[in-house]
2 protein chains.
Amino acid sequence: MRERSETKARMDLLDRKILIELQDDASQSLDDIARKVGSSKTPVWNRIRKLKDAGVIRRQTVVLDPAAVGLDTCFFVLIRTSEHEAGWQQRFLAALQSRPEVLEAHRLAGEIDYIVKLRVSDARAYDAFYQALIAEVKIYNVTALLSMEELKSTTILPV
Amino acid sequence: MRERSETKARMDLLDRKILIELQDDASQSLDDIARKVGSSKTPVWNRIRKLKDAGVIRRQTVVLDPAAVGLDTCFFVLIRTSEHEAGWQQRFLAALQSRPEVLEAHRLAGEIDYIVKLRVSDARAYDAFYQALIAEVKIYNVTALLSMEELKSTTILPV
DNA sequence: ATTGAAAAATTATCAGG
DNA sequence: CCTGATAATTTTTCAAT
């Protein structure tokens, strides 16, 4: 349950079938999973343990309805900066990590340097994030894209 | 375990604590969760069932390491269209839904109409998606943003 | 590496306050 | 709505193949 495999793990068809089932519903019993993937309890149990140990399975979690917990508003923020020293990036990263409304952040290739995905209660909460961010690190240009409708959202990777 | 609550659910502090624990680690036992949130097994169990029934908890799943399953490459695709009839949007939506490499898709306010997040094995797989998409629906302008580094990625909502 | 069984732990139910 | 006990199910271990 520990390693972060930077490289592709060796997996056979049975492993993939198990991952499909677990991604679909991690609350299923071993018996159910074993039946669906055409195997039996012990091998499935051993393989799940291996997939966790190898870091293929990172965590087991529940997915919440954002609206039900008051996080109706989703922004994608495109960020350009003129600063590229280590110190700047470190402070920027720390700011993103410390803010729970930041669900995702990527460093990009090309003209736009970063994209950040936010879930907040309303536009005011976005502005609070924005003000706090520019107070902490110097930013050249920001474009906020406001989601009007979530057409698709899944955590399921096509294994 | 059924309703999709479009509106914010009534929840007290204990419910929130339970959601924090489940989001952090859904494989914990009821006893562990009960101890951490300062309650006991039965109330925690009843509340979890209610949170599922109310649709606050949508699903229980495992989060995989994308690199470990060979999905090293992440793109955000910004899409502009000139078509805005119902038929076009329906075909576009169907195309996104049917493609497992599309993990997220939003309709946006402003100049850019849609943003789509993709996980693929390499740039060739992105191009295959792009070619298939423009074969199915007419698109005015596409900008693909390639992620060089995932700085943050979480499914945990700050409840 | 899988089978089948047995032990340990956990989840789900329920009577009573 | 909570406490504590009980029943049902599931997870985990293990000897044998």
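Throughout, a chain's letter reflects where its sequence line sits, starting with A, and its residues are numbered from 1. This one's a predicted model, so the numbers in the text were calculated from it and none came from an experiment.
With B/Arg80 contributing its side chain and B/Glu111 its backbone, the two residues share no donor-acceptor pair below 3.5 Å. No side-chain donor-acceptor contact under 3.5 Å links B/Lys138 to the backbone of B/Glu83.
In this structure, of C/dA1, C/dT2, D/dT3, it is C/dT2 that holds the atom nearest to the side chain of A/Pro43.
Dashed line: the shortest gap from a side-chain N or O of A/Trp45 to OP1 or OP2 of D/dT12 is under 4.0 Å.
Side-chain atoms of B/Thr42 and base atoms of D/dG4 include a donor and an acceptor less than 3.5 Å apart.
Distance, B/Asp53 CG to C/dA12 P: 12 Å, rounded to whole Å. When the C1' atom of D/dT11 is taken as reference, atom CG of B/Asp32 falls 15 Å away, rounded to whole Å. A/Asp31 places its CG atom 18 Å from the P atom of C/dT10, with the value rounded to the nearest Å. Distance, B/Gln60 CD to D/dT10 C1': 14 Å, rounded to whole Å. With rounding to whole Å, B/Ile18 atom CD1 is found 15 Å from C/dT11 atom C1'. Computed from coordinates, the B/Ile48 CD1 to C/dT10 P distance equals 14 Å when rounded to whole Å. A/Asn46 places its CG atom 14 Å from the P atom of D/dT11, with the value rounded to the nearest Å. Between the CZ atom of A/Arg49 and the P atom of C/dT2 there is a distance of 13 Å, rounded to whole Å.
A ring-centre distance under 6.0 Å is found for B/Tyr114 and B/Phe92.
Residue-level contact check: A/Ser29 touches the backbone only, with heavy atoms under 4.0 Å from sugar-phosphate atoms and none from bases. Using a 4.0 Å heavy-atom distance criterion, A/Leu30 is classed as a base contact.
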Quiz prompt | Residue pair B/Leu51, B/Met11: steps toward the side chain to side chain contact (heavy atoms under 4.5 Å, CB included) verdict | solution = CA-CA 9 Å; B/Leu51 290 164; B/Met11 280 190 288; 3.9 Å; yes
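Along DNA chain C, the nucleotide closest to A/Arg47 and the one closest to A/Lys41 are compared, and the more 5′ of them pairs with A/Arg47.
For the pair A/Tyr126/A/Thr73, no side-chain contact is recorded, criterion being any heavy-atom separation below 4.5 Å from C-beta on.
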